[in-house]
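Right, one structure below, let's go through it.
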Amino acid sequence: VTKRAITVVIEDKTSVYGNALAKLTATTTDDVANADGIATIVALTKDEGATVGTYAITGKCVSDNYTVTFTNESGDSQNGTYTVIKREVTVTVNSASSLYGDDIASLTATVTEGSVLEADGTIYTLSTTATSASNVGSYDITGTCTNGNYSITFDNTKGSYTVTKREIDVTIEDKSSVYGNALAELTATTTDDVANGEGLANIVTLEKAIGTNAGTYAITGECVDGNYTVNFTNGTYTITKREITVTVNSASSLYGDDIASLTATVTEGSVLEADGTIYTLSTDATSTSNVGNYDITGTCKNDNYQVTFVNTADAYAITQRPVAVVIDDKTSVYGESLVELTMNYAEGSLQLVGGQTLPQVVTLAKAQGTDAGTYAIAGSYTDGNYDITFTNGTYTITQRAITVTVDGKTSVYGNEIATLTGKVTSGSVLAGDGTVYTLSTTATSAGDVGSYDINGTCINDNYQVTFENETDS
């Protein structure tokens, strides 16, 4: 009885690293005797090794009744192939973060699918391009498998490391300057740490609110480094008023004239050329104000200045208005009403103002007396707003002219002379004056027969008497 020859095909096998090995099997298309199973004819063995790779499966005939020729499934080798494939796991990277400028945080991950053999420990490393000097942003975490027996799928790697903004508190310092002067440099401070030796000036910019006029302005900050979150405490920029001293120039005008121009000089400090005149001057004095001294009031009209006005008290003088008056000469007859006294402005004289007339201001008075003669006419006034000089006038009271007609008289030689009489035949005699003349004659009781003159004599200097019918009367 000779050995039966058969051909046995060793089947290829596969298992996952770390899992139990697959059972080795073989097949034949040849007949075997007596219903012998293939397992009683051949023994199969895999090469030593459990790590990922390919291993030969070899066969050996263990039955003396057979001659076995071994081949693989492809027919190109006498051995089968056992493949240990990589163990597939999914590792989910844990998101991580650190502040800009800080050391990178520890990178961690979790096996979320599949499993790792305990003996293998950690089979991957994690890394990121982010560093302590990296700008704020998201960075990938890269996973690298360190064990060739595994095929790792890394999840949540994209942008999973975040460098977050570094938060600092910045206090903006208050500043001040005088209107018109150069603005002070803006500064700020922080007690917090900044990263990588960066100066605060590289992180923030400071800006004063627009404006150059006197007042207060917010100083605000802006973070110009995207790696920081800056909490600002705003500062205040104060532009103070520009201080100057203005000395008021004394001024004056005549009563009734327009107020003179008011002027002053900046005696301390200075005014910006572009601002021109920054104050106004005024006074309570007007063209109708009484003679006296008045304050000049200065008012600053530019809020950017603090003006101190000096020499303001009694700095404006209203002086008396000089007026020259000529009093007219006047004449009236003794015993008649006095004529009205009048006057006129002297040639070239200033006149009264405010609609006033000379009679309203000046009182004219004739010297006392009603007898015939000359009297001074003088002027006086009580209005202190004027300085009036007078050229006095003369009032002349002329004698009262009357005509007296002498009555003819007769007496007998040797008798007493008859009473001499006359009549006022022109003009009149004031009742209170009585007889203003006397009559006399050279005739006497011893006088010879003949005609004699009667002579009239005025005995009152207030009268000018013309006697008629005196001769041979």
Test item: [X] and [Y] side chains (from C-beta on) under 4.5 Å apart, heavy atoms:
| X | Y | answer |
| --- | --- | --- |
| Asp295 | Thr312 | no |
| Ile417 | Thr441 | yes |
| Thr297 | Leu281 | no |

Residue pair [X] / [Y]: nearest heavy atoms and the distance that separates them:
| X | Y | value |
| --- | --- | --- |
| Val204 | Val224 | N-CG2, 4.0 Å |
| Glu198 | Tyr228 | OE1-OH, 2.7 Å |
| Phe309 | Thr299 | CZ-N, 3.6 Å |
| Leu186 | Lys208 | CD1-N, 3.8 Å |

**Prompt:** Among side-chain atoms of Thr425 and Thr405, is any donor-acceptor pair under 3.5 angstrom?
**Reply:** yes
**Test item: side-chain donor near acceptor, Asn311 and Thr247, under 3.5 Å** = no
**Asked** Could you give all pairs that pass the salt bridge (Lys or Arg N to Asp or Glu O under 4.0 Å) test and reach residues 167-179, with sequence neighbours left out?
**Response** none
With sequence neighbours excluded, tell me which residues meet salt bridge (charged side-chain N to carboxylate O under 4.0 Å, His left out) with [X].
| X | answer |
| --- | --- |
| Asp257 | Arg321 |
| Asp275 | none |
| Lys165 | none |

**Complete:** Quick note, side-chain hydrogen bond (donor to acceptor under 3.5 Å, both in side chains) partners involving residues 348-357, not counting sequence neighbours, are Gln356-Tyr386, Thr357-Gln360
**Prompt:** Which residue pairs satisfy the side-chain hydrogen bond (donor to acceptor under 3.5 Å, both in side chains) criterion with at least one member in residues 369-378, sequence neighbours excluded?
**Reply:** Asp371-Asn462
Any donor-acceptor pair under 3.5 Å from [X] side chain to [Y] backbone:
| X | Y | answer |
| --- | --- | --- |
| Arg87 | Tyr150 | no |
| Arg166 | Leu99 | no |
| Gln399 | Asp461 | yes |

Can you establish whether the number of heavy atoms outside [X] located under 6.0 Å from its atom [atom1] is more than 12?
| X | atom1 | value |
| --- | --- | --- |
| Glu243 | CD | no |
| Asn415 | CG | yes |
| Glu207 | CD | no |

**Request:** Using the salt bridge (Lys or Arg N to Asp or Glu O under 4.0 Å) rule, take Asp303 and Lys241 through it: C-alpha gap first, then chi angles, then the decisive distance, then the call.
**Result:** CA-CA 7 Å; Asp303 291 336; Lys241 294 185 177 185; 5.1 Å; no
When rounded to the nearest 0.5 angstrom, what is the spacing between [atom1] in [X] and [atom2] in [Y]?
| X | Y | atom1 | atom2 | value |
| --- | --- | --- | --- | --- |
| Thr205 | Ile203 | OG1 | CD1 | 12.0 Å |
| Thr391 | Ile377 | OG1 | CD1 | 12.5 Å |
| Ile168 | Thr191 | CD1 | OG1 | 9.5 Å |

**Prompt:** Do Tyr463 and Tyr437 have their ring centres less than 6.0 Å from each other?
**Reply:** no
